[in-house]
Amino acid sequence: MDDGRWEAILGKVYGDEAPVRDAQVARYRRGLAAFAARYGPGEVAVFRAPGRVNLIGEHTDYHHGYVLPVALDRDVLLFARPRADALVRLANVEAEFPDRAFTIATEVPPRSVGDWANYVQGAAQLLERECGPGLRGMDALIDGAPPEGVPRGAGVSSSSALTVVAAVAIVALNRLALAGAALAECCSRAEWYVGTRGGVMDHFASLLSARGQALFLDCRPTADGYRYRPVPLPAGYAIMVVDSGVRHRNTGPHFNQRVAEGRIGIHLLQARFPGITHLRDVSAFPWEELEPLLPECLHAEDLPALGIDLERLLDGGVRPLGGEYRVRQRCRHVITENQRVQGAVVAMEAGDTITLGRLMDAAHASARDDYAISVPEIEVLVEAARAQPGTVGARLTGAGWGGCIVALVERDAAAVFAEAVAATYHRRTGRVARVFHCVPGPGAGLVCATRV
Ligand code: NG1
């Protein structure tokens, strides 16, 4: 393909700013050359799936609550050629991810925790179960390398982008009639394969986002599917993402500890509100009515007497941390966060950035104090971000325990923000922060088909 054709195709995805588009053209060309070197000449299809940054609505998705994410302009690419058999061969442009191969089947246990191929295998296995038998495999090369790729372990969904791009490729190469919300929902279940009991937010954001918009998603499935709608971002403001460089591993037991604490809360609330299944179901009740029903703290040995079987609560997921279960404050975070997301959508639609910023700040306080998912480095970043003129709100984003913050900043102040926040962070922690202006990009899909 000549330069003009590449520019036309990639300009639609990444925008028409020449340096950005040129870097993407070089990246796609590199990927195609690596694919040809690895698998030989012939047809190749290129798919992409973006990471996401969540503006507000943290740890609400797996409680059937509300979220407001934005797709990043950073993505994972998958170069693929279908095979006649069910074999999937996987290569990665980054040397730290060794080659892998597996045959698509319905019941294969995951490889060791953290193995990168688990995300692709999870997607393949789930699709075989839902749409098989007999799915065809592929020869595939993955490119998720930063800076154009999604930063890993930073709370911006690099793992979900890999799951989604794998699913999108397998669906397309097998001509399966699965798309939109139904595919996003499959991807979220596919990611359970790695053991984390996360929600649907990341996969919906990666698949269904639109350029320049946030996605307001109600994570409760209904008989007609999920309810979601695009919400335009406030004009004149930049979404700034700052990566602390402190890494978390979502597959670890910390995440499932929080899932367990919320589910213990539900179990206890069911005595008073029979029929409820998720924390979402009690969001209309005043907190004063719920608080006395939720103990501040429980220990593992208290659970059997309350009729709680953790193993069953977590559906066979990775064992939680154990120790203390801080039920009351975790539930308070989820319930109040749902109210904040609804308020944020109203504020955004009314162009009321002051209220939006206040809600982001309040969401951060709740995530730090009630959900206890902040770390000192993130506190330094949030404080530095808020000290900048032009910042209307700042908070940690993603699962927590490190990763990124997101700030809404007046566009004219964005360049100074980037410099000042990085300088303060370095001075106070000795660490290097990576700051990027998030230009909300389109959702996942096929980019092009060509020959190498
Ligand atoms: P990240 O930030 O990508 O680790 C995780 C969950 C989300 C959501 C957020 C917290 C997965 C795949 N993702 O995302 O569903 O619960 O934490 O809001 O488990």
Side-chain angles (χ1 to χ4, degrees), residues 49-72 74 76 113-114 118-119 122-123 126 144 150-164 166-167 184-207 215 217 219 226 241 243-244 246-263 278-280 314-315 317-318 320 330 333-334 337-338 340-341 360 363-364 366-368 370-375 378 395-406:
R52 64 94 186 99
V53 61
N54 191 19
L55 291 182
I56 193 163
E58 226 58 81
H59 290 274
T60 48
D61 58 352
Y62 52 87
H63 289 299
H64 281 184
Y66 303 103
V67 292
L68 190 62
V70 167
L72 296 179
R74 313 213 164 196
V76 176
V113 171
N118 281 339
Y119 296 97
L126 199 274
V150 187
R152 282 186 291 273
V156 288
S157 292
S158 59
S159 59
S160 300
L162 179 53
T163 306
V164 169
E185 203 264 339
C186 276
C187 289
S188 72
R189 279 189 287 129
E191 204 164 328
W192 287 6
Y193 181 74
V194 303
T196 313
R197 289 296 173 258
V200 296
M201 160 166 67
D202 304 350
H203 316 88
F204 272 78
S206 185
L207 265 161
L215 184 78
L217 171 66
C219 300
Y226 285 84
V241 178
D243 185 353
S244 66
V246 178
R247 293 288 171 258
H248 78 266
R249 261 263 159 91
N250 223 0
T251 41
H254 297 267
F255 192 94
N256 282 359
Q257 177 83 5
R258 293 290 175 274
V259 178
E261 289 169 317
R263 291 194 181 164
H278 292 79
L279 285 176
R280 153 67 170 278
L314 282 171
D315 217 1
V318 173
R330 309 299 187 235
H333 165 75
V334 175
E337 184 78 347
N338 277 328
R340 284 185 289 270
V341 181
M360 288 174 76
H364 180 74
S366 177
R368 178 193 58 212
D370 273 351
Y371 225 58
I373 52 172
S374 190
V375 295
I378 288 289
R395 55 179 291 275
L396 68 77
T397 186
W401 298 287
C404 292
I405 68 155
V406 60

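Keep in mind the model is a prediction, meaning the values are calculated, not measured. Remember, it's 1-based here, ligands and their atoms both numbered in the order they're listed.
- Distances below 4.0 Å separate heavy atoms of Tyr62 from the following atoms of ligand 1: 16 (O).
- Nearest to atom 1 (P) of ligand 1 by heavy-atom distance, out of His63, His59, Arg52, is Arg52.
- Short contacts between ligand 1 and Glu191, defined as distances under 4.0 Å to a heavy atom of the residue, involve ligand atoms 12 (C).
- Under the side chain to side chain donor-acceptor pair (under 3.5 Å) test applied with Ser366, the options His333, Arg395, Glu337 reduce to a single match, His333.
- Annotation: Ser157 places an N or O atom under 3.5 Å from an N or O atom of ligand 1; distance criterion only.
- Contact of the Val70 side chain with the Leu55 side chain is registered, since non-hydrogen atoms from C-beta on lie closer than 4.5 Å.
- A pairwise comparison of heavy atoms in Tyr371 and Arg330 identifies CE1-O, 3.5 Å as the closest pair.
- Residue Met201 has at least one heavy-atom neighbour below 4.0 Å for each of these atoms of ligand 1: 8 (C), 9 (C), 18 (O).
- Formation of a donor-acceptor pair under 3.5 Å by the Asp202 side chain with backbone atoms of Ser157 is not found in this model.
- Using a 4.5 Å heavy-atom threshold, the side chains of Val156 and Arg74 count as separate.
- Under 4.0 angstrom from ligand 1, the non-hydrogen atoms of Ser160 all belong to its side chain.
- Per-residue contacts place Gly199 under 4.0 angstrom from the following atoms of ligand 1 (heavy atoms of the residue considered): 15 (O).
- There is no side-chain donor-acceptor pair under 3.5 Å between Arg52 and Ser160.
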Val53 and Leu72: side chain to side chain contact (heavy atoms under 4.5 Å, CB included), yes or no, with the steps? CA-CA 7 Å; Val53 61; Leu72 296 179; 3.9 Å; yes

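- Looking at Asn54 next to ligand 1, no N or O pair under 3.5 Å apart turns up.
- The shortest N or O to N or O distance between Ala399 and ligand 1 is under 3.5 Å.
- Close approach of ligand 1 to Asp61 is summarised as follows: ligand atoms under 4.0 Å from at least one heavy atom of the residue are 7 (C), 8 (C), 15 (O), 16 (O).
- Remark: ligand 1 and Glu58 share an N or O pair separated by less than 3.5 Å (distance only, no angle test).
- In this structure, the side chains of Thr60 and Cys219 stay at 4.5 Å or more apart for every pair of heavy atoms.
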